[in-house]
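The structure appears right after this line, and notes come after that.
The first residue of the sequence shown is numbered 1, and numbering continues consecutively from there.
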Amino acid sequence: MESNTQDVDIEAERATEAAETESGLEPNIAGALSYLFGFITGLLFFVIEGDNRFVRFHAAQSMVVSGLFVLAYIAVSVVGTILTILFASMNTFIVGSIISLFLGLIWLGLALGGFAIWAYLVVTSYRGETIRLPVVAGIADKLV
């Protein structure tokens, strides 16, 4: 009877060792942490994890998602700056104000949408699920 309990314990230890990653964390925790600070933690886990495809995919997806959001923020800022300069030189305050309001709403939508996607990816990767975002997953697959 004692040998059965001991065998189960050995099997449990082997399963735990196989589930751990090169970072020493369980794959679901490492996957969730790869989204924590966007590109920075994504790159960190992408470099550290050599064999675990789950963690590497989430790290790559984290880098791509955060990179695309940064590019979107930069694009909205550049368009806003150009339009502000353009309408300031034409002395059309009302049109410039409406466009600034519209761009501010786009910025707010990006911020709230980015936070919602980030939170969703953290929670689902912590659960051990792999969520594949439509465009991002294809890019992340090429990185992995």
Side-chain angles (χ1 to χ4, degrees), residues 3-90 92 94-144:
S3 64
N4 289 340
T5 306
Q6 190 176 22
D7 291 341
V8 171
D9 290 340
I10 291 171
E11 292 295 323
E13 288 178 7
R14 287 181 185 158
T16 304
E17 290 173 3
E20 289 185 357
T21 60
E22 292 180 26
S23 62
L25 302 170
E26 293 182 23
N28 64 331
I29 294 173
L33 287 176
S34 66
Y35 291 106
L36 187 61
F37 294 117
F39 189 84
I40 295 168
T41 51
L43 181 63
L44 179 70
F45 279 100
F46 189 78
V47 170
I48 290 174
E49 296 302 329
D51 297 331
N52 193 318
R53 285 194 56 83
F54 178 81
V55 176
R56 285 184 61 86
F57 173 77
H58 284 289
Q61 186 165 261
S62 171
M63 291 187 299
V64 174
V65 165
S66 61
L68 288 177
F69 273 110
V70 167
L71 288 176
Y73 291 138
I74 290 171
V76 169
S77 296
V78 167
V79 167
T81 302
I82 291 171
L83 291 177
T84 300
I85 292 170
L86 179 68
F87 286 109
S89 65
M90 295 191 310
T92 54
I94 304 263
V95 176
S97 297
I98 291 171
I99 291 175
S100 290
L101 177 65
F102 180 70
L103 290 173
L105 290 174
I106 291 174
W107 184 275
L108 180 63
L110 280 173
L112 292 176
F115 178 76
I117 290 171
W118 173 81
Y120 179 68
L121 290 172
V122 168
V123 169
T124 56
S125 64
Y126 181 73
R127 289 181 184 167
E129 301 171 12
T130 300
I131 300 299
R132 299 178 57 79
L133 298 177
V135 175
V136 175
I139 300 170
D141 283 336
K142 292 178 184 175
L143 292 175
V144 175

In Å and rounded to the nearest 0.5 Å, what is the [atom1] to [atom2] distance from [X] to [Y]?
X: Ile29; Y: Ser125; atom1: CD1; atom2: OG; value: 10.5 Å
X: Asn28; Y: Leu33; atom1: CG; atom2: CG; value: 9.5 Å
X: His58; Y: Asn52; atom1: NE2; atom2: CG; value: 9.5 Å

Is the closest side-chain heavy-atom distance between Phe102 and Leu83 below 4.5 Å?
no
Is the shortest side-chain heavy-atom distance between Leu133 and Ile117 below 4.5 Å?
yes
So salt bridge (Lys or Arg N to Asp or Glu O under 4.0 Å) across residues 134-144, not counting sequence neighbours, yields Arg132-Asp141
OH of Tyr126: more than 12 outside heavy atoms within 6.0 angstrom?
no
For Leu36, look at atom CG and say whether over 12 heavy atoms of other residues, nucleotides or ligands are found less than 6.0 Å away.
yes
Exercise answer: donor-acceptor pairs, residues 63-70 side-chain atoms, under 3.5 Å, sequence neighbours excluded:
| residue | atom | partner | partner atom | Å |
| --- | --- | --- | --- | --- |
| Ser66 | OG | Phe39 | N | 3.1 |
| Ser66 | OG | Ser62 | O | 2.9 |
| Ser66 | OG | Met63 | O | 3.2 |

Contacts satisfying side chain to side chain donor-acceptor pair (under 3.5 Å) that involve residues 73-82 (not counting sequence neighbours) are none
Would you list the pairs meeting side chain to side chain donor-acceptor pair (under 3.5 Å) in which at least one residue belongs to residues 36-46, sequence neighbours left out?
none
For [X] versus [Y], what's the shortest heavy-atom pair and its separation?
X: Ala140; Y: Phe57; answer: CB-CE1, 3.9 Å
X: Val55; Y: Glu49; answer: CG1-CG, 3.3 Å
X: Arg56; Y: Leu143; answer: NH2-O, 4.2 Å
X: Ala60; Y: Val144; answer: CB-CG2, 4.0 Å

Pair up each side-chain donor or acceptor in residues 103-115 with any protein partner under 3.5 Å, not counting sequence neighbours, and list the distances.
none

Contacts of type side chain to side chain contact (heavy atoms under 4.5 Å, CB included), residue Val47, not counting sequence neighbours
Leu43
I'd like to check the side-chain hydrogen bond (donor to acceptor under 3.5 Å, both in side chains) partners of Gln61; sequence neighbours left out, ordered by chain and number.
Tyr35
